[in-house]
Amino acid sequence: MEKLSNPKKTIEIIQKYGFDFQKRFGQNFLIDSHVLEKIIEAANITKDDFVLEIGPGIGTMTQYLAEHAREVMAVEIDGNLIPILEDTLSEYDNVSVLNQDILKVDIGAIAKEKNDGKPIKVVANLPYYITTPIIMGLFESKVPMDSITVMVQKEVASRMQVGPGTKEYGALSLAVQYYAKPYIVANVPPNCFMPRPKVGSAVIRLTKYQKPPVTVKDEKLLFQLIRASFNQRRKTLQNGINNSNLNFSKQQVVDALDTMGISPTIRGEALTLEQFARLSDLLYESK
Ligand code: SAM
């Protein structure tokens, strides 16, 4: 079959099945072969790999993945796309499609069954309305994973990559960088999709760390502190933490900051991951 990355082929399939794009599922299908090749290259897919694709749509990227990987599993929520995928992927015997909501799938069980519990690769042109829950869900579930290579909203890609002192820096930057090394592979303009999204997009590769770059006594506390610090961005760290439901007094925060040689009026947006980790341990010890 001719590749679906050819816009004419995509239109032909959409018309053949009378498919209606669902905005609520974030359906913007890729129609640019260069972008698809870039994603495959950045994900470094080989014939040893088991790849999980989130949201195959009509199977445009799945065709590329099937050609490069040992095995692909594609999870698609929209039941109307299932018969289409049966057609567009009929030439490939190494692809299976699961009609489910990715947020409800036990990915750990899939990795165990399909890849002997070895690290999987996740590749997707993500539905933008659930980018963060998908990525954080993958990291927090502790699924054995080599990397996540995904198309996301451009602004979200830069939030994942930046460090302190920039206005995009926040809880997402710290959470992602605790688990993985981010690298923005390419910016992708709206005309590479059908229909065109209203926002710019970017491909980002998140290479999972074997071990987080910082070690803390209580991981949950670290994430609670990060969230509390950015919930009220304009507040000082001591006020942000004090106004959250964490049980630390302003004095405890000031004392911890003092031990770290940091001004008591600092805001969370100025702290590195290493500093958040140290603060977390000092507060943990002060309990
Ligand atoms: N991979 C295709 C491509 O690049 O052309 C489609 C990408 S489109 C941006 C996102 C896809 O994710 C759609 O097919 C949509 O139906 C699917 N999707 C949306 N929410 C989902 C969910 N919760 N679980 C699984 N798939 C979902």
Discussion item. Run the side-chain contact (heavy atoms from CB on, under 4.5 Å) test on Arg70 and Asn115 for me, step by step, so that the C-alpha distance in whole Å, both residues' side-chain angles and the decisive distance to 0.1 Å come before the verdict.
Written reply: CA-CA 10 Å; Arg70 187 192 83 237; Asn115 208 35; 3.3 Å; yes
Item to complete: Determine, step by step, whether Phe29 and Ile58 satisfy the side-chain contact (heavy atoms from CB on, under 4.5 Å) criterion, reporting the C-alpha distance in whole Å, the side-chain angles of both residues, the deciding distance to 0.1 Å, and the verdict.
Response: CA-CA 8 Å; Phe29 298 164; Ile58 57 171; 3.6 Å; yes
Practice prompt. Just do the side-chain contact (heavy atoms from CB on, under 4.5 Å) check on Ile107 and Ile120 with the steps written out, would you?
Written response: CA-CA 10 Å; Ile107 301 164; Ile120 64 167; 4.0 Å; yes
Worksheet item: Between Thr60 and Leu36, does a side-chain contact (heavy atoms from CB on, under 4.5 Å) hold up when you go through it step by step?
Response: CA-CA 9 Å; Thr60 314; Leu36 284 150; 3.8 Å; yes
Practice prompt. Evaluate ring-ring contact (aromatic ring centres under 6.0 Å, His included) for Phe25 paired with Tyr129, printing each intermediate quantity in order.
Written response: CA-CA 8 Å; Phe25 287 146; Tyr129 74 106; 7.1 Å; no
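Of the charged side-chain nitrogens involved, none lies within less than 4.0 Å of a carboxylate oxygen, so that Lys16 and Glu12 do not count as a salt-bridged pair. Ion pairing between a basic and an acidic side chain is recognised when a charged N comes within 4.0 Å of a carboxylate O; Arg234 and Glu269 show such pairing. Using a cut-off of 4.0 Å between Lys/Arg side-chain N and Asp/Glu carboxylate O, Lys121 and Asp49 are scored as salt-bridged. A salt bridge is defined here as a Lys NZ or Arg NE, NH1 or NH2 lying under 4.0 Å from an Asp or Glu carboxylate O, and Arg205 with Glu41 fails to meet this definition.
Looking only at atom types and distance, the side chain of Gln22 has no donor-acceptor partner in the side chain of Asp78 under 3.5 Å away. In this model, no donor atom of one side chain and acceptor atom of the other lie less than 3.5 Å apart for Asn242 and Gln238. A donor and an acceptor atom, one from each side chain of Asp87 and Tyr17, are located under 3.5 Å apart. Defined by atom type and a distance below 3.5 Å, a donor-acceptor pair is present between the side-chain atoms of Tyr128 and Ser201.
Of the listed residues (Glu91, Glu37, Glu67), just one forms a salt bridge (charged side-chain N to carboxylate O under 4.0 Å, His left out) with Lys3, and that residue is Glu67. Looking at Val254, Leu225, Thr265, Leu271 one by one, the single match for side-chain contact (heavy atoms from CB on, under 4.5 Å) with Leu237 turns out to be Leu271. Screening Asn28, Ile204, Val123, Val188 for a side-chain contact (heavy atoms from CB on, under 4.5 Å) involving Met151 leaves a single residue, Val188.
Under the 4.5 Å side-chain heavy-atom criterion for grouping Ile, Leu, Val, Met, Phe, Trp and Tyr, Ile226 is connected to Leu246 within one hydrophobic cluster. If you chain together hydrophobic residues whose side chains sit under 4.5 Å apart, Val185 and Val162 never meet in one group. A single hydrophobic cluster is seen to contain both Ile110 and Ile134, as judged by linkage of ILVMFWY side chains at heavy-atom distances under 4.5 Å, directly or through other members.
Around the CG atom of Asn191, the shell of radius 6.0 Å holds more than 12 heavy atoms that belong to other residues, nucleotides or ligands. Residue Lys104 places its NZ atom among 12 or fewer non-hydrogen atoms of other residues, nucleotides or ligands, all under 6.0 Å distant. Within 6.0 Å of atom NZ in Lys112, 12 or fewer heavy atoms from other residues, nucleotides or ligands are found, so the atom counts as exposed in its surroundings.
Between the Glu53 side chain and the Met61 main chain, no donor and acceptor come within less than 3.5 Å of each other. In this structure, the side chain of Ser280 does not engage the main chain of Phe276 through any donor-acceptor pair within 3.5 Å. With Gln177 contributing its side chain and Leu174 its backbone, the two residues share no donor-acceptor pair below 3.5 Å. A donor-acceptor pair is defined here as one N or O able to donate and one able to accept, closer than 3.5 Å; such a pair exists between the side chain of Glu76 and the backbone of Gly57. One N or O on the side chain of Thr10 and one on the backbone of Leu4 form a donor-acceptor pair closer than 3.5 Å.
Residues Thr149 and Val122 fail the side-chain proximity criterion, which asks for heavy atoms closer than 4.5 Å. Between Thr131 and Gln153, the closest side-chain pair of non-hydrogen atoms is not below 4.5 Å. The shortest distance between side-chain heavy atoms of Val156 and Arg159 falls below 4.5 Å. A 4.5 Å side-chain heavy-atom check between Ser33 and Tyr64 finds at least one atom pair inside the cut-off. The side-chain heavy atoms of Leu206 and Val176, taken from C-beta on, include a pair separated by under 4.5 Å. With contacts defined as side-chain heavy-atom distances shorter than 4.5 Å, the pair Lys47/His68 does not qualify. Counting heavy atoms from C-beta outward, Gln100 and Ile77 have side chains that stay 4.5 Å or more apart. When side chains are defined from C-beta on, Pro56 counts as touching Leu85, because their heavy atoms get closer than 4.5 Å.
Listed here is the closest heavy atom pair of Ser147 and Ala43: OG-O, 4.5 Å. Closest heavy-atom contact between Asn94 and Ala69: ND2-O, 3.3 Å. Smallest separation of non-hydrogen atoms from Ser229 and Gly268: CB-CA, 4.1 Å. Taking every heavy atom of both residues into account, Thr88 and Gly59 meet most closely at OG1-CA, 4.3 Å. The minimum heavy-atom distance linking Met136 with Ala175 is given by the pair CE-CB, 3.4 Å. Taking each heavy atom of Gln63 and Glu2 in turn, the nearest pair found is NE2-O, 4.4 Å.
For Gln15, the side-chain contact (heavy atoms from CB on, under 4.5 Å) test picks out Ile11, with sequence neighbours left out. Contacts of Glu168 classified as salt bridge (Lys or Arg N to Asp or Glu O under 4.0 Å), with partners at least two apart in sequence or in another chain: none. Under the rule for a side-chain contact (heavy atoms from CB on, under 4.5 Å), the partners of Lys38 that lie at least two apart in sequence or sit in another chain are Ala186. Partners of Phe139 under the ring-ring contact (aromatic ring centres under 6.0 Å, His included) rule, at least two apart in sequence or in another chain, are Tyr179. Looking at residues two or more places apart in sequence or on another chain, you find a side-chain contact (heavy atoms from CB on, under 4.5 Å) between Glu86 and Ile82.
Judged as a side chain to side chain donor-acceptor pair (under 3.5 Å), the pairs with a partner in residues 212-227 (not counting sequence neighbours) are, in order, Lys142-Glu219, Tyr178-Glu219, Lys217-Glu285.
Below 30°, between 30° and 60°, or above 60°: for Tyr169 and Phe230 the angle between ring planes is above 60°, a perpendicular geometry.
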